[in-house]
Protein chains: 2
Amino acid sequence: MASTRRDPSEPATTDYERTCEDGAAGTEHGRAVRDVLDRIGDKWSLLVIGTLRHERRRFTELQRHIPGISQRMLTLTLRQLERDGLITRTVHAEVPPRVEYELTSLGGTLIVHAMALAHWAIENRPQIEAARVAYDSTHAR
Amino acid sequence: MASTRRDPSEPATTDYERTCEDGAAGTEHGRAVRDVLDRIGDKWSLLVIGTLRHERRRFTELQRHIPGISQRMLTLTLRQLERDGLITRTVHAEVPPRVEYELTSLGGTLIVHAMALAHWAIENRPQIEAARVAYDSTHAR
DNA sequence: CGGCATCCTAGTTGATACTG
DNA sequence: CAGTATCAACTAGGATGCCG
């Protein structure tokens with residue numbers, strides 16, 4: 001994991017600089033970026049992995065911790081995250097059934113960046129809000 | 001969770017650890033996170049700010065650099081980014097008209113995190129792809 | 001408890017045509 | 001050149017009901 005530096009044998013011109021031009025369009029990199037953005041950009045995924053950040057959780061627990069999410073969307077979100085290898089789903093053979101979800105190490109590396117973004121959002125919200133007010137006042141509603 | 005003691009006058013210490021619980025739901029922080037995610041999570045915004053990362057660009061230039069984007073969506077995306085203070089729009093009084101878009105410093109700080117995320121996406125795509133294949137094979141289509 | 005199947009709406013995007 | 005306007009298509013998401 002440790003996605004610190006990329007391939008040492010690459011002469012440093014690679015991904016990072018390319019990410020925007022190359023990661024832009026219909027390229028492979030572009031698809032990778034789009035994939036991740038589609039996942040964490042949707043309404044609930046980030047909330048789910050955020051809730052799983054430290055502890056593993058059961059289905060209903062997650063539902064309690066994420067106000068407003070429907071059963072359907074929680075299920076769908078969990079399935080996608082599981083499919084992408086970001087969380088694991090463990091069914092315990094008990095009665096009543098108990099299912100636990102847990103962040104994988106891959107999911108753990110993702111959430112670091114997601115949190116950084118969230119942090120940025122919180123810090124810069126005042127500026128964004130101000131910019132909106134300014135914009136709306138000059139561009140008549 | 002839900003230690004909902006929200007105090008408008010406590011900005012800095014809190015955020016990072018809270019981001020997930022607190023930034024989760026319908027709180028102020030939650031709205032900030034959602035706002036940003038809605039912006040960079042949409043189909044084109046990240047591509048646009050990525051293209052503006054180094055140089056300022058004209059409308060048609062942007063369109064050329066972002067294959068597949070329609071006039072309409074480019075316009076809408078630019079307007080939203082402008083409204084949020086992430087880019088500036090400069091109209092030069094010439095004939096034919098020339099309009100240039102440029103990243104603001106606020107936009108510049110955002111793109112750092114967005115790029116980190118994009119970088120993560122590129123590096124971990126193989127793992128995600130593998131996870132999907134594994135998932136799809138066990139969960140019969 | 002932890003789902004899946006179905007129906008349905010509201011918002012987002014794309015194609016197309018027209019304009020200052 | 002840099003848009004705006006209109007319409008059609010698609011889809012994410014919510015509500016509901018049933019099941020192992």
Side-chain angles (χ1 to χ4, degrees), chain A residues 25-26 30 34-48 51-52 56-84 87-102 135 138-141, chain B residues 24-26 30 34-35 37-48 51-52 56-84 87-102 135 138-141:
Chain A
R34 187 101 308 278
D35 270 11
V36 173
L37 244 39
D38 283 349
R39 191 68 58 246
I40 71 119
D42 76 10
K43 202 170 177 183
W44 304 109
S45 294
L46 185 59
L47 267 22
V48 171
T51 307
L52 292 173
R56 75 162 66 119
R57 307 269 197 187
R58 300 178 59 171
F59 187 89
T60 3
E61 250 183 305
L62 286 168
Q63 205 170 11
R64 273 202 317 276
H65 280 268
I66 306 173
I69 195 170
S70 64
Q71 252 177 1
R72 172 191 150 85
M73 286 319 295
L74 181 53
T75 302
L76 285 179
T77 303
L78 289 168
R79 289 296 166 276
Q80 295 193 30
L81 293 173
E82 187 195 358
R83 187 169 107 98
D84 285 359
I87 65 173
T88 58
R89 176 177 184 266
T90 311
V91 183
H92 300 271
E94 303 174 359
V95 180
R98 182 164 56 100
V99 181
E100 289 185 319
Y101 295 91
E102 187 170 13
Y135 183 95
T138 54
H139 301 67
R141 281 282 104 189
Chain B
R34 189 102 306 281
D35 269 12
L37 244 40
D38 283 350
R39 191 67 57 247
I40 71 119
D42 76 10
K43 202 170 176 184
W44 304 109
S45 294
L46 185 59
L47 268 21
V48 170
T51 307
L52 292 173
R56 77 162 66 121
R57 305 269 197 187
R58 300 179 59 170
F59 188 89
T60 357
E61 252 182 304
L62 287 168
Q63 205 170 12
R64 272 202 317 275
H65 277 81
I66 306 171
I69 195 170
S70 64
Q71 255 176 359
R72 172 191 150 84
M73 286 317 295
L74 180 53
T75 302
L76 286 178
T77 303
L78 289 168
R79 289 294 169 276
Q80 296 192 29
L81 293 174
E82 187 195 357
R83 186 169 108 98
D84 285 359
I87 64 172
T88 59
R89 176 177 184 266
T90 311
V91 183
H92 299 271
E94 303 174 357
V95 181
R98 182 163 58 101
V99 180
E100 289 185 319
Y101 295 91
E102 187 170 13
Y135 183 93
T138 54
H139 301 67
R141 281 282 103 188

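Chain naming here is simple, since letters A, B, ... match the order of the sequence lines and numbering starts at 1 in each.
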*Provide, to the nearest angstrom, the distance between the NE2 atom belonging to A/His92 and the C1' atom belonging to C/dC1.*
13 Å

_Nearest-Å distance for atom pair NZ/P, residues A/Lys43 and D/dT11_ = 19 Å

_Side chain of B/Gln71 (C-beta onward), nearest among D/dA2, D/dG13, C/dG3_ = D/dA2

_Least distance between heavy atoms, B/Ser45 atom then B/Ile40 atom_ = CB-CA, 4.5 Å

*What nucleotide, of D/dG3, D/dC1, C/dC1, holds the atom closest to the side chain of B/Tyr101?*
D/dG3

*asked:* Output the rounded distance in Å from CZ (A/Arg79) to P (C/dG3).
replied: 5 Å

_Whole-Å gap separating C1' (D/dT11) and CG (A/Asp38)_ = 12 Å

*Over how many whole Å does the gap from A/Phe59 atom CZ to C/dC4 atom C1' extend?*
10 Å

*From A/Trp44 CH2 over to A/Thr51 OG1, what is the distance, rounded to the nearest 0.5 angstrom?*
10.5 Å

*Counting side-chain heavy atoms from C-beta on, which of C/dT13, C/dA17, C/dC4 comes nearest to B/Asp42?*
C/dT13

*Taking for each residue the nucleotide of DNA chain C with the nearest heavy atom, is it A/Val99 or B/Leu76 whose nucleotide lies nearer the 5' end?*
A/Val99

_Donor/acceptor link under 3.5 angstrom from A/Arg72 side chain onto base of D/dG13_ = yes

*Between D/dG14, C/dT13, D/dG3, which nucleotide has the shortest distance from any of its atoms to the side chain of B/Thr75?*
D/dG3

*For the side chain of B/Arg89, counting heavy atoms from C-beta on, which of C/dG14, C/dC1, D/dG3 is nearest?*
D/dG3

*What nucleotide among D/dG13, C/dT13, D/dC1 has an atom nearest to a side-chain atom of B/Pro97?*
D/dC1

*B/Met73 side chain, from C-beta outward: closest of C/dC1, D/dT4, C/dG14*: C/dG14

*Measuring from B/Glu82:CD to B/Tyr101:OH, what's the distance to the nearest 0.5 Å?*
7.0 Å

*Could you check B/Thr88, B/Ile87, B/Leu52 and say which one makes a side-chain contact (heavy atoms from CB on, under 4.5 Å) with B/Leu81?*
B/Ile87

*Roughly, in whole Å, what's the span from CD1 in B/Ile69 to P in C/dT12?*
16 Å

_Distance check needed: C/dA15 P versus B/Leu74 CG, whole Å only._
14 Å

_Interatomic distance, A/Trp44 CH2 vs D/dG13 C1' [rounded to whole Å]_ = 9 Å

_Straight-line distance of A/Arg83 CZ to A/Arg89 CZ, nearest 0.5 Å_ = 15.5 Å

